[in-house]
Amino acid sequence: MTLPREIEIVGGGLAGLALGLALRRAGMPVTLFEAGLYPRHRVCGEFISGLGPDTIERLGLAPFLAAAGRLTRVEWFAGDQPVRRQILPAPALALSRHALDARLAAAFTAAGGILHTGTRTDPVATPAGRVFATGRRRGVSPWLGLKLHARGLPLTGELEFHLGRDAYVGLCPVEDGWVNVCGLFRRRPGLASDRTAVLSAYLTAAGLDNLASRLAAAEIRPESCSAVAGVSFDRVAPARDRINLGDAFAMIPPFTGDGMAMALQSAELALDPLLAWVKGNATWAGTVQLVNDRLRRRFRRRLSVARLLHPFLLSPLRQRWLAGAVRSGCLPLRPIYHMLH
Ligand SMILES: Cc1cc2nc3c(=O)[nH]c(=O)nc-3n(C[C@H](O)[C@H](O)[C@H](O)COP(=O)(O)OP(=O)(O)OC[C@H]3O[C@@H](n4cnc5c(N)ncnc54)[C@H](O)[C@@H]3O)c2cc1C
């Protein structure tokens with residue numbers, strides 16, 4: 001391929017936008033295709049765990065995270081009963097995707113990136129220079145993700161984490177007094193059809209009645225009510241013939257609060273190899289291999305540990321064991337955090 005080479009990014013979530021922005025700042029030609037529009041609410045717990053200063057610096061993210069809350073404590077609940085407050089091993093950042101993605105998209109275009117929104121691109125074709133940041137793969141799965149923003153919902157801790165029947169739910173303060181309520185639930189077809197009532201119905205079905213009552217007394221942001229079905233955490237062999245970043249590479253169970261950090265870190269890991277390719281210093285096949293090796297090395301242990309722990313948050317017997325460990329102060333939060341990062 002002759003120079004100048006261009007990068008084409010498919011998918012404008014955190015991975016795609018962060019990569020696009022960093023490439024533009026390095027003066028590289030980048031076009032990004034995003035199926036949706038900005039701003040937009042996404043099913044996400046909206047707390048970012050494990051994002052280090054190196055990634056923030058390398059991707060120039062500090063201005064976008066300046067407004068994020070810094071959370072240091074979590075309160076655990078099991079079946080509606082408060083269990084324990086714990087200090088987080090490291091502060092988490094809290095910011096809505098509605099705000100963060102839109103700010104990154106605006107910065108990308110301001111930096112000269114070409115952004116096509118409302119444009120779904122062929123996710124199969126893999127010409128040289130095309131990078132996929134298309135989010136999680138759709139799978140067959142019993143798990144459903146639900147989220148909404150509520151106001152007038154005072155939190156008992158900076159972050160609340162509730163274990164329910166076949167479910168877990170996180171509450172996290174985002175901007176302007178809104179609290180993000182987001183959970184993973186076993187799908188119960190026909191439970192509720194009204195968008196704004198679905199989450200409450202699932203909370204009640206999960207035995208989280210107090211939380212459902214607190215939500216009923218709060219103001220709901222109707223446009224924030226979102227759902228994703230088919231959320232699957234099955235191990236899928238990573239592609240070798242293309243670059244998949246963020247959830248398209250692998251989806252980590254959401255309890256870790258690590259998915260957004262991984263999306264950004266995957267953009268960071270891809271940046272230098274892509275810069276070398278655009279400048280004509282590498283072949284596309286070599287670039288694909290290098291990026292995939294970097295992603296595998298960086299995320300292998302984190303994904304294994306998270307997948308091992310995830311059933312403890314969802315199956316009733318293991319949840320009881322987990323709640324007991326939290327209550328007695330035996331849950332080794334710090335070692336788990338370090339194994340995940
Ligand atoms: C229930 C739940 C709770 C979560 N909670 C948290 C949390 O608290 N903290 C955390 O860090 N992570 C959390 N996550 C995970 C986090 O949301 C993801 O890891 C993160 O969004 C991944 O970013 P991404 O850029 O890879 O993908 P996405 O943000 O999903 O972006 C992918 C983009 O690609 C676009 N796209 C897809 N296909 C095409 C196509 N063919 N053409 C054009 N565009 C396309 C989509 O429209 C989308 O905008 C949670 C996930 C779930 C399901």
Side-chain angles (χ1 to χ4, degrees), residues 8-20 31-51 68 71 74 92-98 100-102 104-105 115-126 130-139 141 143-148 159-161 167-172 174 180-185 199 202 226-233 243-267 270 295 299 302-303 306 310 313-314 340-341:
E8 218 177 74
I9 300 171
V10 184
L14 288 187
L17 287 168
L19 175 65
T31 303
L32 196 155
F33 299 93
E34 164 53 40
L37 305 171
Y38 304 101
R40 153 176 173 197
H41 291 280
R42 292 176 192 264
V43 175
C44 183
E46 302 187 332
F47 73 95
I48 309 177
S49 178
L51 184 64
L71 310 180
V74 57
L93 298 173
L95 185 64
S96 80
R97 295 294 299 274
H98 188 260
L100 182 56
D101 290 29
L104 284 169
L115 176 62
H116 297 287
T117 53
T119 309
R120 187 166 284 280
T121 300
D122 180 357
V124 179
T126 55
R130 183 173 288 180
V131 175
F132 295 87
T134 45
R136 67 192 177 84
R137 298 170 203 184
R138 283 15 177 200
S141 145
W143 302 110
L144 172 74
L146 295 172
K147 93 89 161 264
L148 57 73
L159 182 68
E160 290 183 22
F161 197 78
Y168 63 83
V169 183
L171 272 68
C172 154
V174 289
N180 184 48
V181 184
C182 180
L184 194 67
F185 301 85
L199 183 52
Y202 267 89
S226 329
V228 284
V231 182
S232 166
F233 308 101
I243 296 176
N244 284 330
L245 301 180
D247 279 4
F249 174 75
M251 167 113 190
I252 192 162
F255 77 91
T256 57
D258 232 58
M260 289 193 270
M262 273 180 67
L264 297 169
Q265 288 158 352
S266 67
L295 296 173
F299 298 135
R302 190 184 307 191
L303 287 164
H310 200 218
L313 292 125
L314 289 167
L340 284 168
H341 298 102

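When a ligand or atom number is given, it counts from 1 through the structure's own listing order. What you see below is based on every heavy atom in this structure, not just the backbone, and it leaves out hydrogens, waters and symmetry mates. The structure displayed is predicted, hence computed values, not measured ones.
The nearest protein atom to atom 41 (N) of ligand 1, hydrogens excluded, is given as T121 O, 2.8 Å; this is a heavy-atom distance. If you check which protein heavy atom lies closest to atom 37 (C) of ligand 1, you get T134 O, 3.2 Å.
Using a 4.0 angstrom heavy-atom cutoff, D101 does not count as in contact with ligand 1. Residue contacts with ligand 1: M251 is included, with a non-hydrogen atom under 4.0 Å away.
In this structure a side-chain-to-backbone donor-acceptor pair under 3.5 Å is missing from R130 to I9. In this structure, the side chain of S226 does not engage the main chain of V43 through any donor-acceptor pair within 3.5 Å. No donor-acceptor pair closer than 3.5 Å links the side chain of Q265 to the backbone N or O of F299. Formation of a donor-acceptor pair under 3.5 Å by the S266 side chain with backbone atoms of G246 is found in this model.
Between R42 and ligand 1, a contact under 3.5 Å exists for at least one N or O pair. For ligand 1, the polar-atom distance check finds an N/O of E34 within less than 3.5 Å of one of the ligand's N/O atoms. The shortest N or O to N or O distance between A35 and ligand 1 is under 3.5 Å. Checked against a 3.5 angstrom limit, the closest N/O atoms of M260 and ligand 1 fall inside it. Note: an N/O pair closer than 3.5 Å links G45 and ligand 1 by distance alone.
In the candidate list S49, G118, A263, A263 is nearest to atom 24 (P) of ligand 1, counting heavy atoms. Heavy-atom proximity to atom 29 (O) of ligand 1, evaluated over R97, H116, M262, is greatest for R97. The nearest non-hydrogen atom to atom 50 (C) of ligand 1, considering only P254, A250, G11, P253, comes from P254. With distances taken over non-hydrogen atoms, the option nearest atom 14 (N) of ligand 1 out of S226, C44, G257 is C44. Distances from atom 31 (O) of ligand 1 to the heavy atoms of G12, G36, G13 put G13 nearest.
Here Y202 pairs with F185 under the ring pair (Phe, Tyr, Trp, His ring centres under 6.0 Å) rule; sequence neighbours left out. R42 meets the side chain to side chain donor-acceptor pair (under 3.5 Å) test with D101; sequence neighbours excluded.
Near A15, with a cut-off below 4.0 Å to any heavy atom, the atoms of ligand 1 are 25 (O). Proximity to R40 (heavy-atom distance under 4.0 Å) selects the following atoms of ligand 1: 47 (O), 49 (O). Annotation for ligand 1: atoms under 4.0 Å from non-hydrogen atoms of E46 are 7 (C), 8 (O). The distance from ligand 1 to the heavy atoms of F47 drops below 4.0 Å at these ligand atoms: 7 (C), 8 (O), 9 (N), 10 (C), 11 (O). Interface of G135 with ligand 1, defined as ligand atoms under 4.0 Å from a residue heavy atom, comprises 27 (O), 30 (O), 32 (C). Close approach to G259 involves these atoms of ligand 1, each under 4.0 Å from a residue heavy atom: 10 (C), 11 (O), 12 (N), 19 (O). Each of the atoms 25 (O) of ligand 1 lies under 4.0 Å from some heavy atom of L14. Residue V10 has at least one heavy-atom neighbour below 4.0 Å for each of these atoms of ligand 1: 40 (C), 42 (N), 43 (C).
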Legend entry - Stepwise side-chain contact (heavy atoms from CB on, under 4.5 Å) check, L314 with F255: CA-CA 11 Å; L314 289 167; F255 77 91; over 6 Å; no

Inset, instruction - Evaluate the side-chain contact (heavy atoms from CB on, under 4.5 Å) criterion for residues M260 and R97: first the C-alpha distance (whole Å), next the side-chain angles of each, then the deciding distance (0.1 Å), finally the verdict. - result: CA-CA 10 Å; M260 289 193 270; R97 295 294 299 274; 3.5 Å; yes

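Residues V231 and M251 are in side-chain contact: their nearest non-hydrogen atoms beyond the backbone lie under 4.5 Å apart. Side chains of L303 and M262 form a contact here, defined as non-hydrogen atoms less than 4.5 Å apart. Side chains of Y38 and L17 form a contact here, defined as non-hydrogen atoms less than 4.5 Å apart.
Test T121, T119, N244 against V10 for side chain to side chain contact (heavy atoms under 4.5 Å, CB included) and you get one pass: T121.
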